[in-house]
Amino acid sequence: MPPAADAPTEADSQAPALSEQITRAPDDPPFEERPRASRGDDVPLLGNDELARILYEIGDMLEIGGEVPFKIGAYRRAADTIAHSPVDIAAAYREGAVPRLAGVGKAIDEKLAELADTGRLRYYERLRQDVPPSVVTLLAVPGLGPRTAGELWRQANISSLDELEAAASQGLLRTLRGMSAKTEQRLLEALSNLRKRPPKRLRLGIAADAVKRVTRSLTSERGVRAVIPAGSWRRRRETIADIDILVESDDPAAVIERLHGMPWVERAGSLGPRTGGATRTTVQMMHGPQIDLMTMPAGAAGTYLVHFTGSAEHNVRLREMARDKGWSLSEHGFTSLTDPPDKRTFATEEEVYGFLGLPFIDPALREDRGEIEAALAGRLPTLVSRDDLQGDCHTHSDWSDGHYTIERMAEEARRRGLRYQVLTDHSGSLSIARGLTPARVDEQRRVVGDLNEALAKEGTDFRLLHGCEMEITPDGRLDYDDKLLARYDVVIASLHVGRRQPRAQLMARYRVALRNKNVDIIAHPSGRKIGIRDDLDLDWDAFYREAAETRTVLEVNGSDERLDLDDRRARAALDAGNRFTIDSDAHYLGEFDNLDWGVAQARRAWLESRNVLNTLPLEEFLAAVTDHA
DNA sequence: GCCGTTTTCGGCCCGACTGTTTTCAGTCG
């Protein structure tokens, strides 16, 4: 979310709370009064995603229509703000309590009000009459941008992917200005790729494998001084589109040639300019993602790293700061705006940030969500790290739907340096996951007890805790009675069935768990699986509030297909005063890796170790996690 | 279209690569 201009300045807390960044300052005059409509009450409320999509589409249509770039950019900036806002924007408009939204001025404000009140936007509908929506779909073709889409539509009346394909294969496009037979071929290829392989984002675990392979291959090459994965992978976004690799080398052309020759390369992209030395290239990995490789001159890596790590929004802020100081910033370095221009390059990112008057900002924070303001105020968080974790509070065994014995999982947890592990097999009603009956629970407790005894005899201080992942049933009950629940060391509650219930019902179910004194942690609160299952429809603010009030801990589930809470929600929950655990939800030995992904999302949410209970030593952890109303 | 105590008007982030333009526009990240 783009930050507000009036970030707090008192050095009383680590970071400006998200709510502070978006709340209109008291002396900031409201936009002129607009009628607040009860007429809106029977109109379905548009979500932030829908509002943002409409604004993005307005941007696309304006661009196809040849509108001035800054107007187009204004709609997209406003769309970004809304897409990233933790506040339910349409609801806020209806209630007349509109937060300050960066990039939303008078004109877009009025359009948002109309959308909130009526669910429609006349301006948008007019535009759609001028520019058919199907023309916008042409933009999905890689290499085909808005200008060309507009020309195709105006000159050749092409307004859909099918029409584009037909025209290109009949050789009709080459008659248009700026088009050739080669362009037609390129478009046909792009269309075919688009149909074959819709752009798919990688889960972190899969991206990690690809990163490892590329890095290992290139590191051993001659003349390579460093190989550094950058881009959204380095920021550990929850999914990765393609993998950006930076290589520090004195001989970029040789590096590129070597990459093209790797056995795992399915298709090599551009070879760079025909004259002069190529500095970057793209390859398609066999059964894997696209790799974008950029080379950088030795000793000047700082600005390259910053530039190619991003995010784009963060970089924009840095370049604006540079310009305010009289410098232009690009990947190559700083160029002064004086005549003659002066040039500065730096070996490290620390020096680049330092030149702008900023402390080093961790890649996990580089999203323009207040990190620049926090850095300027000296209030960047000290982010939690994997080494801080002493325990894992969510793991399974073959007693329910895990795939390894209790003993084997515990051994693996210990091998990975954990001091304690909570075994949390599923409760009875989740029969698909072979949930435990009360009798089996007692039996399992004895097994855990025996194992701990054996570990103590060996003199190890690792401890296995007995817990369960307790199902919150569709009719709002907990699987086990309080007497049984009270005997567990730790109880985590979650919800796997009846996911489509209306919001009020889902909230009521969660409330049962939050208000039960035996429930310590809510596991994967949103219930999503990335790209597979949508989020539960919850009143999130109320959820965070009640969890904070009852001191029920919220999980950051590290499974790379869950990452739940996600970074934004965990940040909002942090601002609401919540406490967290970061867990693997391991069903296999290898899934203890999930702790890495969980920590990564927690860092993106600005969490510090003091916010995460399983960074505490065992006794303190147990005292803290069970300390609730 | 948005924004601002060095501006209510005049700015708005930057460069590589591609294709076909013989000097640059479009696309992408």
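We name chains A, B, ... by the order of the sequence lines, and we start the count at 1 in each one.
When each of Phe70(A) and Ser330(A) is assigned the nucleotide of DNA chain B with its nearest heavy atom, Phe70(A) is the one assigned upstream, toward the 5' end. With DNA chain B read from its 5' end, the first of the two nearest nucleotides for Met179(A) and Trp327(A) is the one closest to Trp327(A).
An anti orientation is assigned to dT5(B), its glycosidic angle lying beyond 90° of 0.
Looking at Tyr353(A), Tyr304(A), Phe355(A) one by one, the single match for ring-ring contact (aromatic ring centres under 6.0 Å, His included) with Phe346(A) turns out to be Phe355(A).
A gap of 25 Å separates the P atoms of dC9(B) and dC14(B), to the nearest Å. Rounded to whole Å, the separation between the C1' atoms of dT21(B) and dG26(B) comes to 11 Å. One P atom belongs to dC13(B), the other to dC17(B), and the distance between them is 23 Å to the nearest Å. Rounded to the nearest Å, the gap between the C1' atom of dT8(B) and that of dC2(B) is 12 Å. Across the P atoms, dG15(B) and dG10(B) are found 26 Å apart, a figure rounded to whole Å. Going from the C1' atom of dT5(B) to that of dG1(B) covers 23 Å, rounded to whole Å. dT23(B) and dC28(B): their P atoms are spaced 25 Å apart (whole Å).
Going from atom NZ of Lys182(A) over to atom C1' of dT18(B) covers 9 Å, rounded to whole Å. The distance from atom CD1 of Ile64(A) to atom P of dT27(B) is 10 Å, rounded to the nearest whole Å. Atom P of nucleotide dG26(B) and atom CD of Glu63(A) are separated by 10 Å, given to the nearest angstrom. If you measure from atom CZ of Arg317(A) to atom C1' of dC3(B), you get 13 Å, rounded to the nearest angstrom. When the P atom of dG26(B) is taken as reference, atom CD1 of Ile72(A) falls 12 Å away, rounded to whole Å. When the P atom of dC14(B) is taken as reference, atom CG of Asp324(A) falls 11 Å away, rounded to whole Å. Between the CZ atom of Arg323(A) and the P atom of dG15(B) there is a distance of 13 Å, rounded to whole Å.
Nearest nucleotide to the Val316(A) side chain, out of dT27(B), dC13(B), dC3(B): dC13(B). Relative to the side chain of Ala107(A), the nucleotides dG4(B), dC2(B), dG26(B) differ in distance, and dC2(B) lies closest.
Among all heavy-atom pairs drawn from Ala207(A) and Ile243(A), the shortest one is O-CD1, 3.7 Å. The two atoms that bring Ile108(A) and Ala78(A) nearest to each other are CD1-CB, 3.7 Å, heavy atoms only.
Under the rule for a side chain to side chain contact (heavy atoms under 4.5 Å, CB included), the partners of Asp250(A) that lie at least two apart in sequence or sit in another chain are Arg225(A), Ala298(A).
Remark: Arg319(A) is not in phosphate contact with dC13(B), judged by side-chain N or O atoms under 4.0 Å from OP1 or OP2. Within the structure, every side-chain polar atom (N or O) of Thr279(A) is placed at least 4.0 Å from both OP1 and OP2 of dA16(B). Between dC14(B) and Ser328(A), a contact under 4.0 Å exists linking OP1 or OP2 to a side-chain N or O. Distances shorter than 4.0 Å separate some side-chain N or O of His332(A) from OP1 or OP2 on dA16(B).
Among the heavy atoms of the strands lying under 4.0 Å from Tyr75(A) are primed sugar atoms or P, OP1, OP2 only; no base atom is included.
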Less than 3.5 Å apart, which donor and acceptor atoms pair up between the side chains of residues 57-75 of chain A and the rest of the protein, not counting sequence neighbours?
residue: Glu57(A); atom: OE1; partner: Arg53(A); partner atom: NH1; Å: 3.4
residue: Glu57(A); atom: OE1; partner: Tyr124(A); partner atom: OH; Å: 2.9
residue: Glu57(A); atom: OE2; partner: Tyr124(A); partner atom: OH; Å: 3.4
residue: Glu57(A); atom: OE2; partner: Arg128(A); partner atom: NH1; Å: 2.7
residue: Asp60(A); atom: OD1; partner: Arg76(A); partner atom: NH2; Å: 2.8
residue: Glu63(A); atom: OE1; partner: Arg76(A); partner atom: NH1; Å: 3.0
residue: Glu63(A); atom: OE1; partner: Arg76(A); partner atom: NH2; Å: 2.7
residue: Glu67(A); atom: OE1; partner: Lys71(A); partner atom: NZ; Å: 3.4
residue: Tyr75(A); atom: OH; partner: Lys111(A); partner atom: NZ; Å: 3.2

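Across all strands shown, dA25(B) forms a Watson-Crick or G-U wobble pair, both distances under 3.5 Å, with dT18(B).
By the 6.0 Å and 45° rule, Arg323(A) does not stack over the aromatic ring of Trp327(A).
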